Amino acid sequence: MSDAEIGLIGLGTMGAALALNIADNGFKIAVWNRTTKKTTRFHEDASDLSDRIIPTEKLDELVAAIAKPRAIILMVPAGDPVDDQIAALRPLLEDDDMIIDAGNANFHDTNRRAQAAGELPFLGIGVSGGEEGARFGPSIMGGGKREHWDRVAHILTAIAAEHDGTPCATWMGDEGAGHFVKAVHNGIEYADMQMIAEIYGVMRDGHGMDHPGIAKTFAKWDDGPLKSYLIEISAKVAAAIDPETGYPMLDVIVDAAGQKGTGRWTAIEAQHLAAPVPVIEAAVAARNLSSQREARAKGEDLFGSAPKRLHDGMLPHDTLESALIAGKIICYAQGFGMIHAASDQFGWALPLPEIAKVWRAGCIIRSAMLDDMASSLADDADRNLMFAPHFASVLKNTHTALREVVAVSTTHGLAVPALSAALAYFDTMRTARGTANMIQGQRDFFGAHGFARFDGRTDQHGPWEG
Ligand code: NDP
């Protein structure tokens, strides 16, 4: 019977959770997975939701089970599997049937797929919130033709997280706009996590705090301006005990961070857009360097370990909290600046305040601060978030703490690359007269590139002594 309201391909971690969420919200869904055993097990495990789930063993069975015009979600790994799956599916579909790529595609691929689809309905949607979000309410960033989004918006908004009754599912723009916004989300996620890890390092190595004490500090901050999912889970991660050894989990976890590359895409794209995101770049670099464990051990043997331990009274917790607040504002200012630049360059008209709103619940970077960011961006979306009255006022109260943390950490050999990048950006962006006059002089000296003078004349040269 062709009565499923939607179909889904790929019953891995995210696909299975999303399918259960869709069924849980009252929609009938047909599912298919490359490995049939997984489909069978998924259906058996769905217990009371199994009536709303139609398991299928072949692609044409999946297609036949869905009501026309069809909509089919792909939840397979980004890259070739998406192209392969589209190629296998399209011949089985009719012209008004829609394919929705809900994985973490690179937005350039989504642009390419949307162009290849032409008039055939195709959406690229970014889904954030991990397995838990996919099951109980993710944040959804949609891209593609508006009329195609509107066709499935009732399902996507029903399954999305809600913030004060507003669903966190929004159409961002054409083609790869949704996946682009998701990539920036992930870049900000890298930066947010890295800054928290750096402050954790100051507490662990600088203050010599134990993990329960660190957990309590994060938990306390989760009641203040830093309230966010990432601070909340950092408290829980720091409090967790390894059942095998009885040690804190953080003492048994290897200090080498993994990544799937979405933060790197953001950093690379920011460079293409000439909208730098140095805090995100520092976070991506820090993850890469974390993996060079052998080299780091060799470095410590060669140069000795840094002093690290701070004197009593240095960098009290309030100062660390304020530094994180400042770092976070600066990081988001860069992320939204990048979105603004992309909006211009790709002609997307990305809705900045709506993006802040869609991140308020369901996704990994959800935080109390995003509410104020949405209001500030609504007042003037063109502006650097650092200059919006509310955040300018918060930064005025916190940037000295950021400087103190970076300065003291640096003199004690505690590496704080993302916080340092935030401070350098802040200092750059409040310096009316910078030092690029020297760069221009050098460029003209060796390459006759020309320079502008303060008296208004442009394309000027030397004279320089050879
Ligand atoms: P999993 O590895 O858990 O599952 C992948 C699924 O895709 C499996 O069902 C697998 O089928 C299927 N698959 C793999 N390769 C192919 C292929 N070549 N053709 C057809 N089907 C294939 O991945 P996730 O669920 O974690 O991720 C899915 C997508 O969601 C990715 O793009 C990921 O980046 C994105 N994402 C993941 C998040 C997460 O927290 N995990 C968060 C947000 C987005 P089989 O059983 O046969 O192997």
Side-chain angles (χ1 to χ4, degrees), residues 7-22 29-46 53 55-63 72-90 92 99-110 113 123-143 156 159-161 168-169 176 178-190 193 229-230 233 257-266 358-359 361-366:
L8 183 140
I9 290 177
L11 291 168
T13 309
M14 291 294 282
L18 210 58
L20 291 175
N21 185 357
I22 291 170
I29 179 167
V31 296
W32 179 82
N33 191 68
R34 181 179 60 176
T35 310
T36 305
K37 252 193 304 187
K38 207 183 261 180
T39 313
T40 314
R41 205 173 335 119
F42 170 74
H43 190 237
E44 284 165 7
D45 293 348
I53 295 170
T56 61
E57 295 189 5
K58 296 207 173 99
L59 261 191
D60 54 358
E61 278 174 32
L62 172 84
V63 172
I72 300 178
I73 296 174
L74 302 185
M75 231 351 169
V76 298
D80 290 343
V82 175
D83 287 315
D84 295 346
Q85 208 54 72
I86 292 174
L89 201 52
R90 264 293 168 212
L92 306 176
I99 296 178
I100 304 168
D101 176 17
N104 263 339
N106 183 315
F107 81 97
H108 289 296
D109 286 339
T110 308
R113 288 173 188 135
L123 292 179
I125 66 171
V127 176
S128 175
E131 183 180 12
E132 171 96 357
R135 175 65 185 89
F136 297 107
S139 165
I140 298 177
M141 294 144 261
L156 298 178
I159 64 166
C168 294
H179 278 138
F180 175 83
V181 173
K182 172 73 200 302
V184 178
H185 164 285
N186 284 24
I188 291 174
E189 177 185 312
Y190 274 50
M193 291 167 74
Y229 175 68
L230 284 171
I233 65 164
Q259 57 177 318
K260 286 189 177 164
T262 46
R264 184 176 62 230
W265 292 348
T266 313
V358 96
W359 290 344
C363 67
I364 304 295
I365 62 171
R366 59 188 184 259

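Numbering starts at 1 and runs along the sequence shown. Please read all numbers here as calculations on a predicted model, not as lab measurements. Atoms considered below: every heavy atom in the structure, side chains included; atoms not considered: hydrogens, waters and symmetry mates. Atoms within each ligand, like the ligands themselves, are counted from 1 in listed order.
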Kindly confirm or rule out an N or O of [X] lying under 3.5 angstrom from an N or O of ligand 1.
X      : answer
Lys182 : no
Asn33  : yes
Val127 : no
Lys260 : no
Pro81  : no
Ala102 : no
Thr13  : yes

* Structure fact -> For Asp84, the salt bridge (charged side-chain N to carboxylate O under 4.0 Å, His left out) test, sequence neighbours excluded, returns none
* Of the listed options His185, Met75, Lys37, Met14, closest to atom 6 (C) of ligand 1 (non-hydrogen atoms) -> Met75
* Identify the residue among Ile73, Leu62, Asn33 that makes a side chain to side chain contact (heavy atoms under 4.5 Å, CB included) with Ile9. => Leu62
* Asked: So which of Lys38, Glu44, Lys37 actually passes side chain to side chain contact (heavy atoms under 4.5 Å, CB included) with Thr40?
  ->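 Only one option passes, and that is Glu44.
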Per-atom contacts of ligand 1 with [X], taking only distances under 4.0 Å to non-hydrogen atoms:
X      : answer
Lys38  : 8 (C), 9 (O), 45 (P), 46 (O)
Gly130 : 40 (O)
Ala78  : 32 (O)
Gly10  : 9 (O)
Gly103 : 29 (C), 30 (O), 32 (O)
Thr35  : 45 (P), 46 (O), 47 (O)

* Between His179 and Gly103, what is the shortest heavy-atom contact and its length? -> NE2-O, 2.9 Å
* So which heavy atom on Met75 is nearest to which on Ala102, and how close? ->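 Reported closest heavy-atom pair: CE-O, 3.2 Å.
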* Let me see the working for Trp359 and Val181 under side chain to side chain contact (heavy atoms under 4.5 Å, CB included), right down to the final yes or no. => CA-CA 10 Å; Trp359 290 344; Val181 173; 3.7 Å; yes
What is the closest protein heavy atom to [atom], and at what distance does it sit?
atom                    : answer
atom 5 (C) of ligand 1  : Pro77 CD, 3.9 Å
atom 48 (O) of ligand 1 : Arg34 NH2, 2.9 Å
atom 44 (C) of ligand 1 : Asn104 ND2, 3.5 Å
atom 4 (O) of ligand 1  : Gly12 CA, 3.3 Å
atom 31 (C) of ligand 1 : Val76 O, 3.7 Å
atom 20 (C) of ligand 1 : Gln85 OE1, 3.0 Å

* Kindly state if atom 18 (N) of ligand 1 has a protein heavy atom within a strict 4.0 Å cut-off, that is, under 4.0 Å? => yes
* Any protein heavy atom < 4.0 Å from atom 15 (N) of ligand 1 -> yes
* When you measure from the side chain of Asn21 to the backbone N and O of Ala134, does any donor-acceptor pair fall under 3.5 Å? -> yes
* To do: Could you tell me whether a side-chain N or O of Arg90 sits under 3.5 Å from a main-chain N or O of Ala87, the two making a donor and an acceptor?
  =>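 Flag not set: sc Arg90 to bb Ala87 has no pair under 3.5 Å.
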* Would you call Leu59 and Leu89 a side-chain contact if the rule is heavy atoms closer than 4.5 Å? -> yes
* Asked: In terms of heavy-atom contacts, does CD of Glu132 have more than 12 from other residues, nucleotides or ligands at under 6.0 Å?
  -> no
